Amino acid sequence: MALKIVKGSIDRMFDKNLQDLVRGIRNHKEDEAKYISTCIDEIKQELKQDNIAVKANAVCKLTYLQMLGYDVSWAAFNIVEVMSSSKFTYKRIGYLAASQCFHESTDVIMLTTNQIRKDLSSPNQYDTGVALTGLSCFVTPDLARDLANDIMTLMSHTKPYIRKKAVLIMYKVFLKYPESLRPAFPRLKEKLEDPDPGVQSAAVNVICELARRNPKNYLSLAPLFFKLMTSSTNNWVLIKIIKLFGALTPLEPRLGKKLIEPLTNLIHRALDLLYGMVSKKNLMEIVKKLMLHVDKAEGTTYRDELLTKIIDICSQSNYQYITNFEWYISILVELTRLEGTRHGHLIASQMLDVAIRVKAIRIFAVAQMATLLDNAHLLTGNMQRNGICEVLYAAAWICGEFSEHLENPMQTLEAMLRPKVATLPGHIQAVYVQNAAKLFSTVLKSQEGSTEGTAAQETSQLMIDRLPLFVQSANLEVQERASCILQLVKYIQKLQQKEVEVAEEVSALFAGELNPVAPKAQKKVPVPEGLDLDAWINEPPSESESEDEQPKAIFAKEEPKHSRSRHTEVDEKELARRREARKQEQANNPFYIKASPSSQKVYQESPGVEHIPVVQIDLTVPLKVPGLPMSDQYLKLEEERRQKERADKKKKEKKKRKEKRSGRGRRHDSGPESEEDITPAHMVDIVTEEMPETYILPTPDNRLLTMSSTSIFLFFFIEQKSSKHKKKKQKKEKEEKEKKKKKKHHHHHRHHSDGGADESVQNGTVEDEEPLPVSMCLTLNHKVCDIQGNLQDGSQVVVSVIFENKCDSLLKSMEFNVLDSLNSKLQRPEGSGPHDGFTVPFQLPPGVSNEARLVFTVQSIVMPQKMKGTLTFIVKNEDSSIHEKLDFKLHFTCTSYLITTPCYSDAFAKLLESGDLKCSSVRLEEVNMPFHHLLARICFHHHFSVVERIDSCASMYSRSIQGHHVCLLVKTTVSIDAKCDEPTLLGNVLDEIKQTFSQC
Amino acid sequence: MMRFMLLFSRQGKLRLQKWYTATAERDKKKMVRDLMQIVLARKPKMCSFLEWRDLKIVYKRYASLYFCCAVEEQDNELITLEVIHRFVELLDKYFGSVCELDIIFNFEKAYFILDEFLMGGEIQDTSKKSVLKAIEQSDLLQEEDESPRSVLEEMGLA
């Protein structure tokens, strides 16, 4: 026996282990099959020995061979033997092999029942663990039946490690042995509230899986899941729960209502991301998706949110991403069909903006607006202020101003003078009246031209008939304009009756084009001589006057509460007296009309809306206003247009390529079109003086990573341009060559090239070779696009670096190194010194890009930081390889330490009241963008979330990785008041925000 | 539920496979072959998701290695992509900037990590820390097993 052991051990020394096998296979590429068959013979010999170590080694090798596709079913019994070993090392290998090789028809499985049961009850949790893991792969109905009880007990094990595995495997057991579900379910449900988050998420997974198969049995769990959804911070679990609710809501409609709030909160975060994701290429597709959601959305708040997001996304950076404005106008028109939106004004201003600035779109826009006016009755159901009827303001104005494009101006004129118009809000009526006059002049012109004198007179009569309605208007503006125009038309009619041609003169009233004015145009107006803008015209006002410019109470530096409370202390009597006085005054005021029905409606929008019974009309076909375009068709058209363009381009490129065989630089010739290739169908009249700097945003596929991992993005483009003037250069004489050498040298030793020392440092390796194969021109281009810290660890920042090889040679042995500072250190692999670099774990073939992740530990996050670093690498050509080096700077901004964290307004208020926060404020100079863009930009670039927005100001919140709270109050006057518990951090964040806006 | 996960190289060599439903060996081989062909033929800018038979395939390329998962129709693709990324992060933490060779030579370790992260096609633990802790502990246990067993001892000479 002893001899046998000795023999076994000696043999073992000569046995191949797994590494040897793998290496062997890699070395026998030509005769792999033959090599492996000898290996299998050896393994068979090894399996015959008693030594369990030898057997386990053999089984391990078999597992590898199984993956390569070789049949190993003959060794099933040996696998069971290894599984049964008392040593964890071998047991682990045995179970792994079993989980890879066994399936339901493997007959030895029935031999394992007792062994598995023994392992499940092992005092060592890892024995139990491997048994459970293995079992999850090869569980059969028999095993499930025999072991269900044991596993059920394990669900209440003291160790969470075992509990979570037991919970997960229960699902497999249920599938194979459904009878076990009933007794196990109560315990499973209990696990939803397990103190360990791992067990909890496992339970959620299993129940979600079960519920998908038979949702109605799990309705009773809805409250529990709801609680989890609102309390859990684990995104993985959240996604599962939301999926589960997706299956449950069709069965219990009341659930939908409850879910709206938590879900919209989640969706808001996603919508903020969209703002940064759009490009010319995907804009239409994204908006189409959003429009679908708008149609389906229940609840006006969410629908309004979507609406503003759509407009934000489309209008950002001067409509930079819109290639087809007809499409955009149709989107806006489609949005007008939303019932009960508060954003009519926003839509209206977009319509006006586009129609004024994009000249080519006017004909189309006018036609659309005319249809809108014609169908105004569909919109006017909603009389709330800021309601959708606001778009009629834009429609009327556009039709009037650009009336020369109208196909049937008479019809539009009639639509504008309908009696129903008088029910619209005053300011809209005013625009109607004014533009009816413009239209009238256009109509006159066409009618006089066609020599039908009577027609023109009839038109005047129509005006005279309809305008008195507006003269009676309660709104002064309407009254004034209407009576003025009425008198004018009456006069015109008189002239017409005398057969005087008046059209020319009438149209002169509205001659000239209204051109858009650039927001910064004022600066261009020269100051007249002798005018001193800095001198006071009057005595400067006393300081106390600027009361309403004071920041809101929550942000005030002193204690404005004092003055406020004094206000409210006015006693009841005084109030009553004032009220009475006011009533008296109103009664005597001829312009005050008491509580008209429409003004009452305005007050009804407050909380009780839910209780108003609303009749649900079930329409399977969406309401379509005749003549209005569907934006979808533009999507299709656009696709066709681009395809055609692409085809044209390809043709051209082919030609070009033929002409230019010399091949300069690599083009992205493969793959779909790039951003710049898409030419817009209409150009926007961009009236800001300079084009906004285009934002270099990560491409969508990179964004996936930003979303998944909080990280810094850095792009390295390594570009090599082959010198196409090589021959020319060779002709030139020594001088020139010398220069070139210096230049080359400069690239190689950029870190210590101070100009003068060049000659002495030359080491003459490359320089001695006469004609250089290519002249290397390396450019480094790194941009920190999105920087974020690691939320789990307050001192870690993950930097994801994307290396892109733009040259034609292979790059390898890349080493990334930075000079550590006291505050920030690169985390290096264990065992390396403080100055060692980080070896990039891949090589880059030409045109390939890849990402490496570096972890930095940061002590203090209150200051931004720049770190110097170098990237060294070898450029490998067919015949030579060169060592190259690039210097770069990593910029850790304070923003990168902020994490977008949603915050509810009450928590926000509490935070501000706590008094722990310090104040600071900043003004942004010369920022000319809509307020919602400003906010979106702060959210996107600086990781804030909007807490609340009230008219002219918005509160925003963010949190640093070390838990500092940062609160902002942003006002339309573009000033930002801020509070934070760390003044230095706050100061730096504000500086960064300022910088962001100074670039645009 | 995830049906299976495959790791294969750009050259079409299978590096890891994990099947969460019992599948006959022949079917496995055919599925692996078909899927590799489809995924390898796709251009870098193409979508990471595709529908295949009754499954959804989610894949992502890391250096020379493709990570490819098959999930059921009702499953969420983005979370699957996260699962892949998390698995890569785990491998990376464990091996210290992982490369394909690490997985080839220590394929059993890669399996152990995967088994601690996913079980029966479901996510077992979303915390990287606790997954790595479990692996570390089991490895320690293994070393305890192995260390006293020197060859001499086994021969009865020590």
Side-chain angles (χ1 to χ4, degrees), chain A residues 2 5-6 9-10 12-13 18-19 22 53 60 63-64 67-69 71 73 87-89 92-93 96 103-104 124 126 129 132-133 136-138 161 164-165 168-169 171-172 197-198 201-202 205-206 209 212 234 236-237 239 243 670-672 701 704 708-709 829-830 838-839 841-842 850 853, chain B residues 1 14-20 22-25 29 43-45 48 62-64 74-76 78-79 81-82 85-86 89 92 96-99 104-108 111-112 115-116 119-130 134 137-138 141-146 149 151 154-156:
Chain A
I5 294 172
V6 173
S9 302
I10 291 175
R12 203 185 141 204
M13 287 196 285
L18 178 65
Q19 271 76 17
V22 175
C60 192
T63 318
Y64 187 77
M67 183 169 67
L68 297 186
D71 174 41
S73 56
K87 294 262 191 277
F88 177 70
T89 315
R92 207 181 185 189
I93 291 171
L96 173 63
H103 42 89
E104 283 191 13
N124 180 345
Y126 295 104
L132 285 171
T133 311
S136 74
C137 292
F138 58 77
Y161 178 77
K164 72 179 181 208
K165 282 185 190 276
L168 281 177
I169 203 174
Y171 176 62
K172 295 274 169 176
S201 81
N205 282 345
V206 171
E209 241 6 282
R212 212 148 70 182
N234 186 333
W236 308 71
V237 172
I239 292 178
K243 277 256 167 192
S670 64
D701 39 348
L704 277 181
S708 62
S709 57
E830 261 173 65
F838 165 84
T839 313
F842 47 79
N850 207 336
R853 294 163 64 79
Chain B
M1 194 191 99
L14 192 62
R15 296 303 182 204
L16 217 66
Q17 56 170 345
K18 191 86 198 175
W19 299 76
Y20 293 108
T23 315
E25 212 56 47
K29 269 188 204 168
K43 301 228 168 68
K45 284 210 169 166
S48 282
Y62 287 86
S64 55
Q74 313 90 326
D75 282 310
N76 185 319
L78 289 171
I79 209 174
L81 208 57
E82 283 293 279
H85 191 77
R86 181 54 60 93
E89 285 178 327
D92 201 61
S97 65
V98 66
C99 65
I104 297 173
F105 281 106
N106 303 291
F107 86 113
E108 84 281 15
Y111 276 124
F112 294 150
D115 286 341
E116 287 298 335
M119 190 168 135
E122 296 288 343
I123 303 159
Q124 189 178 146
D125 207 315
T126 54
S127 150
K128 261 190 276 187
K129 251 187 212 151
S130 77
Q137 300 270 322
S138 329
L141 211 61
Q142 181 163 344
E143 271 159 37
E144 266 168 38
D145 275 359
E146 277 173 345
R149 187 177 275 266
V151 176
E154 268 177 27
M155 289 204 261

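Proteins come first, then strands; the chains are lettered A, B, ... in the order of their sequence lines, and each starts at number 1. Everything numeric in this text was worked out from a predicted model, so none of it was measured.
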Q: Examine whether an atom of A:Asp71 lies under 4.5 Å from a heavy atom of chain B, and if so say whether it belongs to the side chain, the backbone or both; otherwise answer neither.
A: neither
Q | Whether B:Tyr62 and B:His85 hold their rings parallel, tilted or perpendicular, with breakpoints at 30° and 60° | A | tilted
Q. Of the backbone (N, CA, C, O) and the side chain (C-beta and beyond), which part of B:Asp92 lies under 4.5 Å from a heavy atom of chain A, both, or neither?
A. neither
(Q) Taking side chain as everything from C-beta outward and backbone as N, CA, C, O, which of these in B:Ser127 sits under 4.5 Å from a heavy atom of chain A? Side chain, backbone, both or neither. (A) neither
Q: Hey, could you give me the CZ/NZ distance between A:Arg212 and A:Lys243, rounded to the nearest 0.5 Å?
A: 7.0 Å
Q: Heavy-atom pairs under 4.5 Å with chain A are the metric here; pick the option from B:Asp75, B:Asn106, B:Val98, B:Thr23 that has the most.
A: B:Asp75
**Q.** Residue A:Thr133 versus chain B: region with a heavy atom under 4.5 Å
**A.** both
**Q.** Rounded distance [0.5 Å steps], OG in A:Ser136 versus CG in A:Leu168
**A.** 8.5 Å
Q | Contacting region of B:Glu25 [heavy-atom separation from chain A under 4.5 Å] | A | side chain
Q: Can you tell which part of A:Tyr161 gets under 4.5 Å to a heavy atom of chain B, answering side chain, backbone, both or neither?
A: side chain
Q) Which region of A:Ile169, side chain (C-beta onward) or backbone (N, CA, C, O), has a non-hydrogen atom less than 4.5 Å from a non-hydrogen atom of chain B, or is it both or neither? A) both
Q: State, with a plain yes or no, whether a side-chain heavy atom of B:Phe107 is found less than 4.5 Å away from one of A:Leu18.
A: yes
Q. With chain B, which of A:Arg92, A:Glu209, A:Lys165, A:Lys164 has the greatest number of heavy-atom pairs at distances under 4.5 Å?
A. A:Arg92
